[in-house]
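For reference, the structure is listed below as structure tokens.
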Amino acid sequence: MLRPDGDAIGSALACCQILRLLGKDAEVVLHDPVPRIYQPLPFADRVVQTDRVNGNYEAAIIWSATVSSGLAWKGWKIAF
């Protein structure tokens with residue numbers, strides 16, 4: 001996510017935690033760091049910040065208002 005707001009970060013963290021509780025390997029990957037105001041949120045310390053997607057993922061859930069340009073984010077291949 002580029003410049004994530006509180007709703008986006010909270011939703012991503014909650015979704016990630018639900019997936020973990022279901023026994024999935026999950027992580028939140030952000031382009032920009034978690035803003036200081038949201039760093040106290042549960043699991044915010046587990047967020048991976050990078051400008052390149054390096055994981056070997058089976059699936060991705062993407063939060064973006066600009067999906068077409070967001071998927072051009074280094075490392076993602078558009079598969080649909």
Notebook entry, point to check: Linking I/L/V/M/F/W/Y whenever their side-chain heavy atoms sit closer than 4.5 Å, directly or via other members, would F43 and I18 fall into one cluster?
Noted result: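 In one cluster: no.
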
Notebook entry, point to check: Would you say I37 and L30 are hydrophobically clustered, going by side-chain heavy atoms of ILVMFWY under 4.5 Å?
Noted result: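 Both belong to a single hydrophobic cluster.
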
Taking all heavy atoms of [X] and all of [Y], pick out the closest pair and write down the distance.
X	Y	answer
Y38	A44	O-CB, 3.8 Å
E27	V48	OE1-CG2, 3.7 Å
R20	R46	NH1-NH1, 3.0 Å

Notebook entry, point to check: Out of L13, I9, D45, which one pairs with V34 under the side-chain contact (heavy atoms from CB on, under 4.5 Å) rule?
Noted result: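 Among L13, I9, D45, the one that satisfies the side-chain contact (heavy atoms from CB on, under 4.5 Å) with V34 is I9.
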
Check: Picking from V47, L21, V28, what satisfies side-chain contact (heavy atoms from CB on, under 4.5 Å) with C16?
Finding: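 Running side-chain contact (heavy atoms from CB on, under 4.5 Å) over V47, L21, V28 with C16 returns exactly one hit, V28.
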
Checklist line | Spacing of S11 atom OG and I61 atom CD1 [to the nearest 0.5 Å] | finding: 11.0 Å

